[in-house]
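Quick notes on the structure that follows.
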Amino acid sequence: MNKKALLESALFVSDKPLSLAKLADITGLPQDEIKPLLEKIKVEHEKDEKGMDLVETPEGYEFRIKPQYRDKIVKLAPMADLSEGLLRTLALAVALKPPVKQSSIVRYQGNKAYSYIEQLEKKGLIKTEKFSRTKVIKLTEEFEKYFGKSVDELKRILEVKA
Amino acid sequence: MNKKALLESALFVSDKPLSLAKLADITGLPQDEIKPLLEKIKVEHEKDEKGMDLVETPEGYEFRIKPQYRDKIVKLAPMADLSEGLLRTLALAVALKPPVKQSSIVRYQGNKAYSYIEQLEKKGLIKTEKFSRTKVIKLTEEFEKYFGKSVDELKRILEVKA
Amino acid sequence: MKAKQVEQPKAEEDILKTIIEKESWEDVIYYIVGLEQLNPWDVDLTRLTESFLKFAQSVKDLDFRIPAKVVFVAAILLRLKADYLSIFEEEEDDEVEKMLKEEKPFAELGIDPNLVQLGYPMRRVPKRQVTLEELISALRSALEVRERKEERVKVLRGQLNVNLPHEEEDMTIRTEKMLKEIDGLMQKLHQDKIEFGQIVKEWKRDKVIEKFIPMLHLEHDGKISSEQEDFFKKILISKKTLQSKN
């Protein structure tokens with residue numbers, strides 16, 4: 001049994017990100033043995049000829065389709081990893097030009113926005129900071145990696161298209 | 001855009017095998033260009049350190065977990081927690097042609113069936129509706145997705161043959 | 001359905017082979033029915049199961065969809081048998097009664113419970129990441145929702161014929177403004193308590209509301225405290241403490 005292959009198969013089959021602890025639980029390997037193997041898988045997938053990336057998010061590790069291929073394969077997989085509500089929050093955060101006050105997003109989305117913001121923060125796509133009485137939302141590097149574009153580029157695209 | 005990577009991302013994201021024709025349709029590449037690329041992906045995945053195999057089935061190509069890793073990662077599969085009792089209830093619901101009266105299933109499974117039906121409903125595989133004094137069980141879209149067959153298809157087969 | 005007994009040695013093995021070879025299990029049922037001398041009723045489910053288990057043990061690489069197909073085939077055959085049973089329901093009432101009390105009606109009907117246990121298909125639920133196009137369309141929807149909301153407010157305002165002041169202005173801004181006004185007035189009057197009426201420009205419903213709501217917010221935020229001796233009496237506002245605010 002090849003340990004790296006075992007990790008890869010677990011990441012392939014799971015529909016959720018897998019934490020180090022979970023991976024250790026499934027594979028029976030110690031976490032400090034898993035980490036370098038994941039690093040190896042990650043580096044291998046960075047090659048141009050690979051279609052997925054191994055990404056580490058606050059929720060754990062997961063394979064993600066590289067951004068440049070998503071448009072083409074969209075029809076094959078109806079399940080997206082972000083719900084419409086979460087996506088709207090994200091889009092608003094970009095469009096309103098980050099850093100954005102939490103209250104500005106709530107103005108558009110209503111009270112549901114609080115929970116969306118929390119979820120997005122858990123996923124590592126945004127981070128929030130407290131400024132006196134209000135929370136300010138910033139986009140993360142993870143966000144840029146997710147869309148394969150810088151926040152500035154995205155802003156420009158949203159301005160033109162929306 | 002790397003053609004091999006595009007194929008790989010399509011195969012990764014699809015929950016069904018993909019035929020050459022389908023792959024050609026998605027990628028816009030001619031089939032005779034796709035074939036050698038698939039062959040390359042296949043050979044690469046045969047290495048011990050890879051967790052999946054690229055398999056050609058009559059329906060098309062798909063990534064599959066290598067057999068030696070399946071036992072370990074079975075826990076990650078959705079619905080892996082379906083017990084034997086639950087599966088029997090499901091099988092009965094299919095066999096007795098949905099919509100099925102709850103009482104018909106109880107006839108076969110005894111009183112445990114009530115709890116099974118409740119659990120299956122919670123998992124979204126069936127739904128129940130009240131009709132006067134009895135509950136009627138229907139199969140859901142989730143069921144269809146899980147078993148890859150539409151309820152209508154199932155019914156048609158049962159009608160023709162029964 | 002006629003229950004014609006035809007000797008069909010190894011029929012179950014043939015069926016199993018078909019299950020494995022044919023991609024869809026419907027084909028298997030068609031195949032069974034199509035077997036010239038084989039009535040589906042005659043398929044021995046126990047034997048089919050045994051063949052399957054034997055097969056499962058012998059192969060190294062088991063396609064997870066095969067057990068799923070076996071369950072369906074068995075379920076359909078069970079359905080056929082159940083129909084057959086119901087034809088004789090009246091005569092076999094005792095039989096059915098007995099069956100109801102049985103722990104394992106499946107076994108009673110000739111289905112090995114192990115078959116069912118084998119039957120869970122392990123399917124991935126692959127999730128993909130969203131595309132830029134989806135992000136853009138989400139923004140459009142968010143903006144549309146906002147526009148519709150504004151439209152509704154406009155209509156409502158028209159209906160109520162009340163000119164709700166500064167509805168769109170951020171409450172944060174309104175409370176900050178109000179706090180400044182309170183501070184200013186206190187300094188001007190050299191008082192540490194002022195009357196609510198003193199900061200309302202004009203004693204009209206909308207003007208009162210314009211100040212009353214931010215006052216409640218300030219009170220809730222602990223910036224001020226307000227007191228009123230009795231209903232409809234004067235409301236007195238004081239700064240809560242000499243806070244280290246700002």
Side-chain angles (χ1 to χ4, degrees), chain A residues 1-19 21-29 34 36-38 40-41 43-55 60-81 148, chain B residues 1-19 22-29 34 37-38 40-41 43-54 60-80 141-142 144-146:
Chain A
M1 181 163 299
N2 183 298
K3 293 166 186 175
K4 184 165 151 276
L6 174 59
L7 287 171
E8 207 176 77
S9 66
L11 290 163
F12 173 74
V13 100
S14 174
D15 61 343
K16 286 188 279 289
L18 295 172
S19 65
K22 182 88 187 167
L23 281 167
D25 176 41
I26 292 157
T27 59
L29 300 171
I34 293 176
L37 290 171
L38 290 173
K40 221 175 149 194
I41 297 176
V43 171
E44 271 174 24
H45 281 83
E46 278 164 8
K47 282 187 217 152
D48 279 346
E49 58 166 45
K50 301 300 282 176
M52 300 92 72
D53 269 326
L54 182 66
V55 185
Y61 291 83
E62 67 174 340
F63 275 127
R64 253 186 219 168
I65 300 296
K66 291 186 181 172
Q68 60 267 44
Y69 303 119
R70 286 182 203 158
D71 288 334
K72 297 244 180 195
I73 51 101
V74 104
K75 278 180 287 179
L76 292 175
M79 294 274 273
D81 62 348
Chain B
M1 182 164 295
N2 185 299
K3 293 166 186 176
K4 184 164 152 276
L6 174 58
L7 286 171
E8 205 177 80
S9 65
L11 290 162
F12 177 79
V13 96
S14 174
D15 60 347
K16 287 188 283 287
L18 295 172
S19 65
K22 181 92 186 162
L23 282 167
D25 177 39
I26 292 157
T27 59
L29 299 171
I34 293 175
L37 290 171
L38 290 173
K40 220 175 149 194
I41 297 175
V43 171
E44 271 174 26
H45 281 83
E46 278 164 7
K47 283 186 216 152
D48 279 347
E49 57 167 46
K50 301 300 283 175
M52 299 95 73
D53 270 327
L54 183 65
Y61 292 83
E62 70 172 340
F63 276 128
R64 250 185 227 168
I65 300 295
K66 289 187 182 173
Q68 60 266 42
Y69 303 120
R70 290 187 192 152
D71 288 342
K72 292 246 182 192
I73 51 119
V74 101
K75 276 185 283 180
L76 292 174
M79 311 273 183
E141 254 176 59
E142 193 53 42
E144 294 181 359
K145 251 192 267 161
Y146 185 50

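Scope of the values below: all heavy atoms of this structure, side chains included, with no hydrogens, waters or symmetry mates. Throughout, a chain's letter reflects where its sequence line sits, starting with A, and its residues are numbered from 1. Because the structure is predicted, anything quoted here is derived from the model rather than measured.
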For this session: Measure distances from Leu18(B) to the heavy atoms of chain A and classify the residue's part below 4.5 Å as side chain, backbone, both or neither.
Result: side chain

Exercise. When heavy-atom pairs shorter than 4.5 Å are enumerated against chain B, which of Gln68(A), Lys72(A), Glu49(A), Lys66(A) gives the highest number?
Worked result: Glu49(A)

Problem set entry | Check: Tyr69(A) side chain, Asn2(B) main-chain N or O, donor-acceptor pair, under 3.5 Å | yes

Seminar exercise, completed: Counting heavy-atom pairs under 4.5 angstrom with chain B, the leader among Lys50(A), Lys47(A), Lys75(A) is Lys50(A)

For this session: Check whether Lys40(B) gets within reach of chain A through its side chain, its backbone, both or neither, counting any heavy atom under 4.5 Å.
Result: side chain

Exercise. Just how far is it from atom CG of Leu23(A) to atom CD1 of Ile73(B), taken to the nearest 0.5 Å?
Worked result: 11.5 Å

For this session: Heavy-atom distances under 4.5 Å only: say whether Ile26(A) touches chain B with side chain, backbone, both or neither.
Result: both

Seminar exercise, completed: In terms of heavy-atom contacts, Ile65(A) and Ser9(B) come closest through CD1-O, 3.5 Å

For this session: Enter the distance from Glu8(A):CD to Met52(B):CE here, rounded to the nearest 0.5 Å.
Result: 5.0 Å

Exercise. Contact part of Lys22(A) toward chain B, heavy-atom cut-off under 4.5 Å: side chain, backbone, both or neither?
Worked result: side chain

